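Just so it is clear, the model here is predicted, and its values are computed rather than measured. Within every chain, numbering begins at 1; the chains are lettered A, B, ... in the order of the sequence lines, protein sequences first and strands thereafter.
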Amino acid sequence: MYRWLDERLSLSRLNKKFLRKAFPVHHSFFLGEITMFAFITLVLTGVFLSFNYEPSTRLIKHLGKEVPAAYASVLYIDSLPFGAVLRSVHHWSASIMIAAAFLHLLRILISGAYKKPREINWLLGLALLGLSVVTSFTGYSLPFDAFSVTATQIGYGIGASMPYMGEWISQLIFGGEYPTLHSIPRVYSLHVLWFPLLLAALIGAHMLVMLKQKHTQPAYAEKVAPGKILGVPMMPQQGFMMGVLFLLYLAVVFFIAGTWIAHPVEVFGPPTASTPAVKPDWYFIWIYGILQIIPGDLKVSLPFGAVMNSEFIGGVMIPGILGVVAVLLPFLDTRKTKLRYMELPTRHPVRTSVTFALLAFMLTTTLAGWKEEFGFSNGQLWAIIIISTLATYLVSYLIIISYWGRPPKGEAEEA
Amino acid sequence: MYRNDTVLPFFGILFGVALWYMAYLDGEHIARLAGHTPEELSVGQLGLITFGIVFFLFGAIGYISAWLEGSELRPGKHEPPGGVVPMVVIFLLVLLLAGLSGLFVNAIVYGLTEGPVKPAFMGQLAAAILLVMTLLLVVFKKFFVPDEVLVEDEHSEVPW
């Protein structure tokens, strides 16, 4: 059989060219693989969900009550044997994909792997993280329960606050001013077709560029095989490791998803006229936190009658500035020669400390999302955010240079 | 970042467990405030458990990778040790897998004919099956798959 196929498709050549590719071995590379396996799980569980979900807000009778068809179809999915678990796995995997992609990005950042020649893959990775968040957000609205409708309205409001084009973009995504009759079909199409296709294309491009440029290697590889790629063949060794990780991923996620159903729609109930007190999903809480601590009446007038309001400044502009800095990073912090080996974070105290400070900023702005519950004033929260961010930078910088010393000048510039 | 050691994976597992425990304490706090245990997780709990899962997976696969592949690669071919004990372990794991799979199919059929089966039971049963499959693959790779470490030119024809 193999010979028959080989004569027609030159499988032995494929094996020699692709399946013998050397994969460097380092535990930190698995963060990218966790992201990819989360995406695969999302596609597989998403197929099951799409067989049973009805993307419509028309009212139907369910157990004697009139509820939206979308909401009723999610209750139907939950009633199927294993249905609630698969829906919960889908929800948890969406969260895991975002968290793993974020940690993968931090690994790239602290090991300098965004530098020449990997600038393109850094940009593709940023696009993937952004698109993962948007795709997850569109999925959040689909159950059409009281919680998801209110949480989606917060996101809709932030998107619509962009001067000149915000209202237009938000209405394009949600088929009008959310929630309308057209919202769910429009968002459903984006969530199950166009965004996953775009994600798959970006992941393919990310992989292809990585295969061409090779991984950055662990630093010890320079000692063992200088100037070469040291690694295990893709098949069978790397294939086995990927299989182990995928099965382990599924084991952990099925355990968690079965034990804690991520979004129990029957608890939240169908949408009602009164708005329940909800917060957006966890990956938006840091933005929600910023919105909580800037004055609600903040307004900056722009030409042609447009206005920059507090929603835009807190929800779009501040995250946007961070995004622009991330896009520019590989062109600002660059090097003349090709980066072959992962840089040690301790040899780059400024970059490592800035990364920790960024984490402190995101953690404290997330804390601000619970402003009312903690009873903090805006002044207190601003002080916590600013002091924590600066103190984290200073403390981590001092720890690194006092424990590992300052890097030699040449090393800091080139390696 | 220097070698494939278990320092960061150790902290990964530690962080994972700590984040999960924080989510548990958060749940206890919410239950105290509400006067009952809510049926849903808060967004804070969801975020903490999510990062807990990723850190735990990173730590676990880090330990497995260090055990199966070593902390530093050495070029060449390396024969697997093989042995009777791993063979017996694989046999027992296959038996366990068959038993658990049978139970899973029964639970699905029961759900279709008799009525709903608790999601927690189904999820944990599926997790047990997948965990046994993971262990099977790990033991097989460690004791029966020959290892090979390649040294490749940086400028290859892959993919173009």
Please state whether the side chain, the backbone, both or neither of [X] comes within less than 4.5 Å of a heavy atom of chain B.
X	result
A/V25	both
A/R20	both
A/Y341	neither
A/L230	both
A/P233	both
A/F30	side chain
A/A257	neither
A/A22	both
A/K279	both
A/F268	side chain

For chain B, which candidate among [options] shows the most heavy-atom pairs at distances under 4.5 Å?
options	answer
A/V89, A/I96, A/D281	A/I96
A/L211, A/L250, A/L248, A/V267	A/L248
A/A100, A/S88, A/A84	A/A100
A/R340, A/E222, A/E373, A/E266	A/R340
A/V253, A/V252, A/I285	A/V252
A/I256, A/L247, A/T346	A/L247

Separation of [Y] [atom2] from [X] [atom1] (nearest 0.5 Å):
X	Y	atom1	atom2	result
A/L31	B/F55	CG	CZ	8.5 Å
A/M234	B/L150	CE	CG	13.0 Å
A/W260	B/Q45	CH2	CD	9.5 Å
B/L130	A/F255	CG	CZ	13.0 Å
A/W92	B/I53	CH2	CD1	5.5 Å

With a 4.5 angstrom heavy-atom cut-off, is it the side chain or the backbone of [X] that approaches chain A, or both, or neither?
X	answer
B/Y63	neither
B/L73	both
B/P38	neither
B/F121	neither
B/Y110	neither
B/S42	neither
B/L68	side chain
B/V145	side chain

Just wondering, are more than 12 heavy atoms of other shown residues or ligands nearer than 6.0 Å to [atom1] in [X]?
X	atom1	value
A/M210	CE	yes
B/F11	CZ	no
B/F56	CZ	no
B/F144	CZ	yes
B/H78	NE2	yes
A/F18	CZ	yes
A/K16	NZ	no

Any idea which of [options] has the most non-hydrogen atom pairs under 4.5 angstrom with chain A?
options	answer
B/R74, B/E69, B/K118	B/E69
B/K141, B/M122, B/E72, B/Q124	B/E72
B/I61, B/L46, B/V54, B/L137	B/I61
B/L57, B/L135, B/L131	B/L57

Side-chain (A/Q237) to main-chain (B/E148) donor-acceptor, under 3.5 angstrom: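 Yes, A/Q237 side chain to B/E148 backbone: donor-acceptor pair under 3.5 Å.
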Quick one: closest heavy-atom pair of [X] and [Y], and the distance?
X	Y	value
A/A225	B/V151	CB-CG1, 4.0 Å
B/A126	A/F82	CB-CZ, 3.8 Å
B/G47	A/W282	CA-CG, 3.5 Å

Residue among A/W370, A/Y288, A/F284 satisfying side chain to side chain contact (heavy atoms under 4.5 Å, CB included) with B/V43: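 Among A/W370, A/Y288, A/F284, the one that satisfies the side chain to side chain contact (heavy atoms under 4.5 Å, CB included) with B/V43 is A/W370.
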Stepwise side chain to side chain contact (heavy atoms under 4.5 Å, CB included) test for B/I64 and A/M241: CA-CA 9 Å; B/I64 293 171; A/M241 290 310 295; 4.2 Å; yes
Test log, rule side chain to side chain contact (heavy atoms under 4.5 Å, CB included), inputs B/D5 and A/H27: CA-CA 8 Å; B/D5 54 27; A/H27 46 67; 3.7 Å; yes
Criterion side chain to side chain contact (heavy atoms under 4.5 Å, CB included) on B/T134 and A/F246, from CA distance to verdict: CA-CA 9 Å; B/T134 311; A/F246 191 31; over 6 Å; no
